[in-house]
Each structure stands twice: as C-alpha cells, then as structure tokens.
**Student:** 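First, the structure itself, so that you have it in front of you.
All residue numbers in this chain count up from 1 along the given sequence.
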Amino acid sequence: MPPKGRRRRQRAFDEVPRWQIYLPLGLYLAFTLVPFYWMLLFALRPAGSTSLVPWPMTFEHFEKVWNERSFGVFFENSMLVGLATLVATTVIALSGGYALARFQFRVKSAFMLALLCSQFIPGALMLVPLFEIFRNLRMINSLGSVIIAETVFQLPLSIILISGFIKNVPVSLEEAAWVDGCSRLRAFRTVVLPLLRPGLIAVGSFAFVHSWNHFLFALMFLSEQDKQTIPVGLNTLIGADSVDLGALAAGGVIAAVPVVIVFAFIQKWLITGFSAGAVKG
C-alpha cells in the first residue's frame, strides 16, 4: 500500500485541471517543432515560393546538395567518423569503467577528479596542440585524426557513466561465476556484460550523435573536400553574399535524419542507461 505522502501527492495531481498540464506541454511542443517544420518547408517547396505549405512538393534541393554539393560523400564520412567513435569510445570506456568500479588503487580518487575536471576544458582550447600532434603524425586531412579527437573528448564522461553502471551490478554475480570455474574475463563477458546493455547503448549513442554533429575538429583537421563531414558541408552552403535557403534546409534535413532515427529507436535504453549510470553504487 503506498505511503500517505505519496497518496496525497497523487490525489493532488489528479485534482489538477487537465488544461493546466496540456497547455504548457502543447506550447513547448509547438516551440520545438515549428523550426523543424520551417526547415522542411524550405527543403520541400520550389525555389522562389513563399507558400506556407510545401505544395507542390519538390526534391530538387535534395538532389542538388546530394549530387552537386557532394553531400553523399559528406554523409559517408560522417557515418564513418560516428561509427568509429562509437566503437572506440564504448570499448575503451568499458575497460576503464570496469577498472574504476571493481579495483582499488592509490590514485583512483585523483584519476576520477581528473576525469571530472577534464569536462571543463573546451575543445577549442586544445585545437592548436592537437593540430601540432596530428601534423607531426602526418594525420592531417585524415578521418583518423577526427576520430581520435572525438574519442578522447568523449571518454571522460563515458568512463564515469559506465563505472556507475557497473557498480550497480552486484559483485557477487561475478564471484559465483568464479566459483564455477570462469576466469575474470569470461565472467565479465557472460554475466556482467549482458546487464550493461542500457549503459553501453547510452554511451555509444551519445558518442555517435556528438561526433556526427561536431563541427570544430572536422573544420580544423580536414581541408580536402572529399574528406569533409556534414557539419562542414553545411557551412559551405553559406556564401559571403547570399545563402541558398532551400539547399541549406535540405542539407539540414539530411543531417538530422540519422540523429532522429537513433533517438527514436533507443530512447528507452538511453533513459535507463543514463539514470542507472548516474546512481552511485
């Protein structure tokens, strides 16, 4: 039976008029969706049209940015950077998070503090040192430089989240597997790893979306057109004297579609993973 305080709050919530709930939610939804509708409007209506409804509908702007402005190449590059960053961040964060959650060592507190403090360092502050490092490694104009930079900046938060998630898995489950003859690696793979699915999905999706949308690293480390990503490609659509709004809107739709699909399919796992990783075990 629920406690009195919870029943009282539930009763008070039931007595609130529904319009006081739906009105602010509707206003917020309109505030959120109107910019997306405006982008779709410019992308789908013919050039020069001032109609507020995309009719007659045309896909000429999508054909223009995909073929003439090389957005097909930009899309492939962004997908490669996003997936590589996702895999690298997840694997490294998984090993680092497990070490922080299960082992005790002298500099553990200092290491955690360093991870937290690294979140206050803006990426722009590290552009010159990173550029010099990649230039000496001859990695300028290589997608590998962007993948490494994105992974490095995603790791601190990812390790903290994975560590918090692993702490919520009872160590007794691993100990039972050890008693049955499993090694630590096999016990982790068969017992702990399946329970980490929400956390891994949360960390991987966050790394993918961030690397997909990030503009600065790709702009600084990639100068050849066939190596650029979608955010840099969108920037090329903005001219000094004029802006092709239809092409820019079509490029924005292309850039937004993968992110929308990712969040549409993983929202349940994402919420579970972030909430579980934020709880101290």
**Student:** List in chain and number order the residues that pass side-chain hydrogen bond (donor to acceptor under 3.5 Å, both in side chains) with Asn141, two or more places apart in sequence or in another chain; answer none if no residue qualifies.
**Tutor:**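 So Asn141 forms a side-chain hydrogen bond (donor to acceptor under 3.5 Å, both in side chains) with Ser223.
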**Student:** Could you identify which residues cluster with Leu29, counting Ile, Leu, Val, Met, Phe, Trp and Tyr as linked when any side-chain heavy atoms lie under 4.5 Å apart, either directly or through a chain of such contacts?
**Tutor:**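 Reading the cluster by chain and number, Leu29 sits alongside Leu33.
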**Student:** Quick one: list whatever passes side chain to side chain contact (heavy atoms under 4.5 Å, CB included) with Val257, sequence neighbours left out.
**Tutor:**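 Side chain to side chain contact (heavy atoms under 4.5 Å, CB included) check on Val257 returns Val253, Ile261.
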**Student:** Running the 4.5 Å side-chain criterion over Ile, Leu, Val, Met, Phe, Trp and Tyr, what cluster does Tyr28 land in, apart from itself?
**Tutor:**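 The other cluster members (ILVMFWY side chains, heavy atoms under 4.5 Å, direct or chained): none.
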**Student:** Enumerate the residue pairs fulfilling side chain to side chain donor-acceptor pair (under 3.5 Å) with a member in residues 119-135, sequence neighbours excluded, ordered by first and then second residue.
**Tutor:**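 Those involving residues 119-135 are Glu132-Arg135.
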**Student:** Sort and list the pairs that fulfil salt bridge (Lys or Arg N to Asp or Glu O under 4.0 Å) and have at least one residue in residues 210-239, not counting sequence neighbours.
**Tutor:**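 Applying salt bridge (Lys or Arg N to Asp or Glu O under 4.0 Å) to every pair that reaches into residues 210-239, excluding sequence neighbours, yields nothing.
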**Student:** Under the side chain to side chain contact (heavy atoms under 4.5 Å, CB included) test, which residues partner Gln225, sequence neighbours left out?
**Tutor:**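 Gln225 satisfies side chain to side chain contact (heavy atoms under 4.5 Å, CB included) with Ser70, Phe74, Gln228 only.
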**Student:** Enumerate the salt bridge (Lys or Arg N to Asp or Glu O under 4.0 Å) contacts for residues 61-75, please, sequence neighbours excluded, ordered by first and then second residue.
**Tutor:**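 Output for this query lists Lys64-Asp244.
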**Student:** Which pairs count as salt bridge (Lys or Arg N to Asp or Glu O under 4.0 Å) when at least one residue sits in residues 88-107, sequence neighbours excluded?
**Tutor:**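 Listed by first then second residue: Arg102-Glu174.
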**Student:** Running the 4.5 Å side-chain criterion over Ile, Leu, Val, Met, Phe, Trp and Tyr, what cluster does Leu219 land in, apart from itself?
**Tutor:**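 Grouped by the 4.5 Å side-chain rule, Phe215, Val232 form the rest of the cluster around Leu219.
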**Student:** Show every donor-acceptor pair shorter than 3.5 Å between a side-chain atom in residues 175-193 and any protein atom, with sequence neighbours excluded, or say none if there are none.
**Tutor:**
unit_1: Ser183; atom_1: OG; unit_2: Arg186; atom_2: N; d: 3.2
unit_1: Arg184; atom_1: NH1; unit_2: Tyr98; atom_2: OH; d: 3.0
unit_1: Thr190; atom_1: OG1; unit_2: Arg186; atom_2: O; d: 2.7

**Student:** If you link I, L, V, M, F, W and Y whenever their side-chain heavy atoms are under 4.5 Å apart, who else ends up in the same group as Phe221?
**Tutor:**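 So far as hydrophobic clustering goes, Phe221 is joined with Leu80, Val81, Ile121, Leu125, Met126, Leu127, Leu130, Phe131, Ile133, Phe134, Leu137, Met139, Ile140, Leu143, Val146, Ile147, Ile148, Val152, Phe153, Leu216, Phe217, Met220, Leu222.
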